[in-house]
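Worksheet: the structure to be examined is printed underneath.
When reading the values below, keep in mind they use all heavy atoms of this one structure, side chains included, and skip hydrogens, waters and symmetry mates.
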Amino acid sequence: KYYNNKAVVSTQSTGIPVSPGVTKEIVEAGDASQKVTRGANVTVHCVGSLTNGMKKFWSTKDPGQQPFTFKAGVGQVIAGWDEGCMTMCKGERAKISMTGDKGYGPGGFPAWGIPPNAGLTFELTVLDIKQ
């Protein structure tokens, strides 16, 4: 939902349902006139953590890291991230939470300490969108 071209902040602690297994909690509204679209190159800052225990496994804000750019809506990233990001706009900061099947699934991601079927939360900030 939008008001005066800004995404409305949810007061629900569980977030807004995006798709089965994916929820979104808006932390800071962005510019609704600049929405993420399928195939756009999207640049984000990201902090990824395990939902259970909130152990951080990745952050583009850590020393030596840079913002991450990917093509939205085409499967270049895990499903929950893609689905959540497709609901965002430039400047928006949101927490995208997902069940394990929308994350790294039964294989997990051992290199980052993500166990099989782990629930994940990513705090994403959309920095740029290029069509």
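Within the 4.5 Å cutoff, no side-chain heavy atoms of V42 are placed close to those of M88. Inter-residue side-chain proximity for K102 and I78 is flagged as unmet; no heavy-atom pair is nearer than 4.5 Å. Using a 4.5 Å cut-off on side-chain heavy atoms (C-beta onward), D82 and F70 make contact. Contact annotation: the side chain of V44 never approaches that of T125 to less than 4.5 Å [non-hydrogen atoms, C-beta and beyond]. Between D62 and K56, some side-chain heavy-atom pair lies under the 4.5 Å cut-off. Side chains of W81 and L124 form a contact here, defined as non-hydrogen atoms less than 4.5 Å apart. With contacts defined as side-chain heavy-atom distances shorter than 4.5 Å, the pair I96/T121 does not qualify.
At least one donor-acceptor pair closer than 3.5 Å links the side chain of T60 to the backbone N or O of C46. Under the 3.5 Å distance criterion, the side-chain polar atoms of Q131 are left unmatched by any main-chain donor or acceptor of A40.
If you take OG on S49 and NZ on K95, they are separated by 8.0 Å, rounding to the nearest 0.5 Å. Expressed to the nearest 0.5 Å, how far NZ of K130 lies from NZ of K71 amounts to 13.0 Å. Distance check: T23 OG1 to I16 CD1 gives 9.0 Å after rounding to the nearest 0.5 Å. Between atom CD1 of residue I26 and atom SG of residue C89 there is a gap of 7.5 Å, rounded to the nearest 0.5 Å.
Scanning for ring pair (Phe, Tyr, Trp, His ring centres under 6.0 Å) contacts around Y104 gives F109, with sequence neighbours left out.
Each of E83, E123, E92 was scored for a salt bridge (Lys or Arg N to Asp or Glu O under 4.0 Å) with K24, with one residue passing: E92.
Side-chain contact, T51 with S97: no donor N or O sits under 3.5 Å from an acceptor N or O. S59 and Q65 share no side-chain donor-acceptor pair at under 3.5 Å.
Ring geometry, F68 versus W58: the interplanar angle exceeds 60°, so the pair is classed perpendicular (tilted spans 30 to 60°).
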